[in-house]
Amino acid sequence: MMRTKIVKRIVALLSVAVMSMSVVACGGGNKAAGADTLTEEEYEAKAEELGNSLNSAMTDAASIDPNDVEAAKEFIEGLKSPFVEFGALNAPEKYADAHAKFKSGCDAMVEYLDICVKAMDSGEVDTEKMTSLLTTIQTDFTEGAAMLE
């Protein structure tokens, strides 16, 4: 019962976090750090891909059974890849400042997702840390998106 409540709470908080990410697609990855710098068009396409991936994830999240903790953990683990990949992109100069914000938001999101999984395992939720990360995520992605305009 307690774990079900935690899963429901985490899925709700995760929904807020993922929705805040969708501003990337409105404002405007697969190359590793150190790879060639993307063109403006490639970067915009990657930002749109991230937004589309997150919108798809929101649809998928709705189908998760809150009683199936392992499925919820698997879903959350799978959400990390798009953020890691997008954060690792080498943005073109025009988008360098915006990407610095996005990278910070991506890093905060990965940390947030890790905390979600740990909370499902332990039953303990660090609400203060999660709230702080959500604020960072929302602020960084909103500011980054504004820089793309």
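Please read these numbers as outputs of a predicted model, since none were measured by experiment.
Between the CG atom of Leu134 and the OG1 atom of Thr127 there is a distance of 10.5 Å, given to the nearest 0.5 Å. Atom CD1 of residue Ile115 and atom CG of residue Leu133 lie 5.0 Å apart, to the nearest 0.5 angstrom. Here the CE-OG1 distance, from Met109 to Thr136, works out to 12.0 Å after rounding to the nearest 0.5 Å. Rounding to the nearest 0.5 Å gives a distance of 11.5 Å between SG of Cys116 and CG of Asp121. Atoms CD1 and NZ, from Ile64 and Lys73 in turn, are 13.0 Å apart once rounded to the nearest 0.5 Å. Note that CG of Leu38 is 7.0 Å distant from CG of Asn90, once rounded to the nearest 0.5 Å.
Side-chain N or O atoms of Thr142 include none that pairs as donor or acceptor with a backbone N or O of Thr139 at under 3.5 Å. Using modelled atom types, one side-chain atom of Thr135 and one backbone atom of Thr131 make a donor-acceptor pair closer than 3.5 Å. Side chain of Ser104 to main chain of Ala100: no donor-acceptor pair is present (N/O by atom type, distance under 3.5 Å, no hydrogens or angles).
None of Lys80, Lys129, Lys118 except one satisfies the salt bridge (Lys or Arg N to Asp or Glu O under 4.0 Å) rule with Glu111; the exception is Lys129.
Between Phe141 and Phe83, the angle of the ring planes goes over 60°, which puts this pair in the perpendicular group of the 30/60° scheme.
Across every non-hydrogen atom of Leu79 and Pro82, the tightest pair is O-CD, 3.1 Å. Residues Ala98 and Gly144 share a closest heavy-atom pair of CB-O, 3.5 Å.
Take Lys101 and apply the side chain to side chain contact (heavy atoms under 4.5 Å, CB included) test, not counting sequence neighbours, and it matches Asp140, Glu143, Met147. In this structure, the salt bridge (Lys or Arg N to Asp or Glu O under 4.0 Å) partners of Glu40, at least two apart in sequence or on a different chain, are Lys94.
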Next on the checklist: Quick one, Glu85 with Cys106, criterion side chain to side chain contact (heavy atoms under 4.5 Å, CB included). Give me CA distance, side-chain angles, the key distance, then yes/no.
Outcome noted: CA-CA 9 Å; Glu85 291 172 8; Cys106 286; over 6 Å; no

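Among residues at least two apart or in separate chains, ring-ring contact (aromatic ring centres under 6.0 Å, His included) pairs with a member in residues 39-68 are Tyr43-Phe86, Tyr43-Tyr95, Tyr43-His99.
Using a cut-off of 4.0 Å between Lys/Arg side-chain N and Asp/Glu carboxylate O, Lys103 and Asp107 are scored as salt-bridged.
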